[in-house]
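Below: one structure, written as structure tokens.
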Amino acid sequence: MLSSEIYNKLFKYLFFIILIFYMLVYGPYGIEEGDMGSIFGISWSMYNGYFPHRDFVYIKPAFSPFFHSLPLYITENYAYLINRYLYFAQVFSYSYLASVIAFKFLQLPKKHIYFIAIIGALVSIHNYPPMPWNTIDGLFFSIIGLYFITINSKKWWLIILGTFFLFLGALCKQSFYFFPPLVGLFLVYRKELRAFLILTISGLLFSSFYLLLFWWQNALQQFIEQMFSFTSGSSLLDTGIKSYYLAIKFHAFYIVFGIIGFWITKKYTSKHLTFLSVNIFIVLVFVWLYYKHQSLYYSAKYGIIHILWALGLLYALIKSIYHKKYTILIILFSLSWCASISNGYNTPIDFSTPTILVVALICFGKVFTIKKWHAIIVTVLYLSTFYYGYQIPYREQHRSELNYPLGNLFPRLKTIYTNKKTYHKFKELKNLSSKYDNFTILPSMTLGHYITNTTNPIGVDWAFNHHLANKLEDYKKMLSDKNVVVFIENFENHRDNYEDSSLLTVYVTSHWKLIEKHKHFRVYQKP
């Protein structure tokens, strides 16, 4: 009993120490002009009075930018920093809650909860940039909802509270629309019909209130049109099904080889050594990807997470045939699947806790006991691996080159360090923003208006074709009617020539008057 308590407290302390470590060591380094501000740029517009879908185009449900606008009501100057570090807290939180849920249903020793949560969080974070993101929000609110529903399904108010959070998760991204019905099927399968009815009725009520709000704001039709302007059935097929098939197809030989190796290791060594060996193998794949500078974004080709997800789901399905309690794993894997349905980052890695748990279950079986020192070794292995991965932050230079404090230019970017080139780009933006007050930046410098304390006259910072939902002509007219000065980013030497992906940008450069040209920006006015 005493050793169990020591084990639990050790990893409980480690859980919070690692979380703080990630915030302090990885939070400050690196920034890029697009993704890392795409949600928060919309938050800034909403904070300044813009209503989503009506005043600007947004092709996803708008709860994520609303959620990340909340810190602005407390402090404008530190709201982005709060959200940036909140990312780590969200991933650690939902990894812990998922572990609590799974351990409760599977009746596993509670002393291992924090260890599984730590590894699940580390793999989920990997070297992902700290930033507001709707996939992370969808996972965060969905797991909170599942927690309240499963903690005590006899209490009606907990079901309603859980349904509310499932509803918020679904409002972060279309792919999470699938999750509340799956939770409902889970309740039906467990013959908890009263809980299912409460979930269904309260979910319909929350949805009705949401639609009523948009109707009241004259934005309901726009909301419906924009939701499905870019997210199509082909996206579901390609990223929700085909990517898993391709990951298995591309690695069929390695999968067979790995299964044979696992069987031999388990048969002729201890279960503890087997568990350690499997995690070493996973770590080596990550190290190889980082060494080859191959991003996990190419997840169909380098699909270890897809493969582990598929094997984990297969394990859960087989076990569920004989033991109903294993259906909780199917629900958790389905949430990972929801997170992977994306036109951009289509991988289940953002929620890796069920995969890590199944690896342990396969190795240890019914006697689920992980030795303390083996758990420490595995934790150190993952910490070291992702430290190596974080040496080159997302779309940045090596950490050794990130010596330029952006707080010297913009107080709202205090504690954030970048490379020399990006620093001078932000410096140029500061000079231009002091010269013009009615400007927008095309196509994708998404933090531009927040850090310059200005309001985007067109409300859209992410002005690519599909994100404008066929409203290109409306935005052309808006630029002209509001007499907006347009800053165009120079992309000639950029790794991604985003300019060609934005017809609005092409329109401005082709038809408007060039009045200034600098190293990083060109300035246009209407003719």
Side-chain angles (χ1 to χ4, degrees), residues 35 38-39 59-61 64 87 90-91 94-95 98 102 119-129 131-143 145-146 166 169-183 230-251 255 282 285-286 289 294-317 328-359 394:
D35 287 333
S38 62
I39 298 295
I59 61 173
K60 297 180 178 69
S64 264
Y87 162 73
Q90 286 180 285
V91 177
Y94 67 62
S95 299
I119 305 305
L122 293 179
V123 177
S124 297
I125 289 175
H126 47 287
N127 65 332
Y128 199 82
M131 62 183 184
W133 201 244
N134 47 23
T135 300
I136 300 303
D137 296 333
L139 288 167
F140 178 66
F141 289 108
S142 295
I143 282 293
L146 183 64
L166 290 179
L171 291 183
C172 294
K173 190 177 178 183
Q174 289 94 322
S175 61
F176 292 102
Y177 289 170
F178 293 106
F179 193 61
L182 289 171
V183 174
F230 184 55
T231 303
S232 61
S234 61
S235 300
L236 171 62
L237 180 64
D238 289 341
T239 65
I241 299 174
K242 188 177 179 180
S243 62
Y244 291 88
Y245 162 73
L246 291 177
I248 294 171
K249 177 184 176 182
F250 289 150
H251 299 88
I255 293 171
I282 296 172
V285 173
F286 278 116
L289 288 172
Q294 294 289 355
S295 172
L296 295 170
Y297 304 111
Y298 304 110
S299 49
K301 187 175 181 181
Y302 304 100
I304 184 172
I305 299 298
H306 277 77
I307 294 166
L308 290 173
W309 179 92
L311 293 175
L313 179 64
L314 180 62
Y315 170 87
L317 288 169
I328 190 62
L329 290 175
I330 297 175
I331 292 300
L332 294 175
F333 275 112
S334 72
L335 184 57
S336 293
W337 175 75
C338 290
S340 74
I341 302 173
S342 173
N343 288 292
Y345 196 53
N346 54 348
T347 168
I349 196 172
D350 286 324
F351 183 42
S352 295
T353 304
T355 297
I356 296 301
L357 178 57
V358 165
V359 168
Y394 179 63

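The chain is numbered in sequence order, starting from 1. Values in this document were obtained by computation on a predicted structure and should not be read as measured data.
Checking side-chain atoms of Ser95 against main-chain N and O of Thr353 turns up no donor-acceptor pair under 3.5 Å. Side chain of Ser175 to main chain of Ala339: no donor-acceptor pair is present (N/O by atom type, distance under 3.5 Å, no hydrogens or angles). Listed for the Gln90 side chain is no donor-acceptor partner under 3.5 Å among the backbone atoms of Pro132. At distances below 3.5 Å, not a single donor-acceptor pair connects side-chain atoms of His251 with backbone N or O atoms of Ile248. A donor-acceptor pair is defined here as one N or O able to donate and one able to accept, closer than 3.5 Å; no such pair exists between the side chain of His306 and the backbone of Ile304. Judged by distance alone, the side chain of Trp133 and the main-chain N or O of Ile39 form no donor-acceptor pair under 3.5 Å. Side chain of Ser340 to main chain of Trp337: a donor-acceptor pair is present (N/O by atom type, distance under 3.5 Å, no hydrogens or angles).
Between Tyr315 and Val359 there is no side-chain heavy-atom pair separated by less than 4.5 Å. With a 4.5 Å cut-off on side-chain heavy atoms, Leu146 and Leu332 count as touching. Cys338 places none of its side-chain heavy atoms less than 4.5 Å from the side chain of Lys173. You'll find the side chain of Pro348 stays beyond 4.5 Å of the side chain of Phe333, heavy atoms only.
Relative orientation of the Trp309 and Tyr244 rings is tilted, given thresholds of 30° and 60° on the angle between their planes. Between Tyr345 and Tyr128, the two ring planes are tilted [angle within 30° to 60°].
Here the closest non-hydrogen pair linking Ala121 and Val91 is O-CG1, 3.9 Å. Across all their heavy atoms, Met131 and Asp35 have their closest contact at SD-O, 3.5 Å. Between Tyr87 and Ile125 the shortest heavy-atom distance is OH-CA, 3.6 Å. The minimum heavy-atom distance linking Tyr177 with Ala170 is given by the pair CE2-O, 3.1 Å. Between Ser243 and Asn346, the closest heavy-atom pair is CB-ND2, 4.4 Å.
Atom CD1 of Ile305 and atom CD1 of Ile349 lie 4.0 Å apart (nearest 0.5 Å). Rounding to the nearest 0.5 Å gives a distance of 12.0 Å between CG of Leu246 and CD1 of Ile241. Between Ser334 atom OG and Phe351 atom CZ the span is 9.0 Å, to the nearest 0.5 Å. Atom CG of Leu182 sits about 5.5 Å away from atom CD1 of Ile331, to the nearest 0.5 Å. To the nearest 0.5 Å, atom CD1 of residue Ile282 and atom OG of residue Ser352 are 9.5 Å apart. The CG atom of Leu166 sits 9.5 Å away from atom CD1 of Ile143, with the distance rounded to the nearest 0.5 Å.
In summary, of the residues considered (Leu335, Leu171, Asp137), a side chain to side chain contact (heavy atoms under 4.5 Å, CB included) with Phe176 occurs for Leu335 alone.
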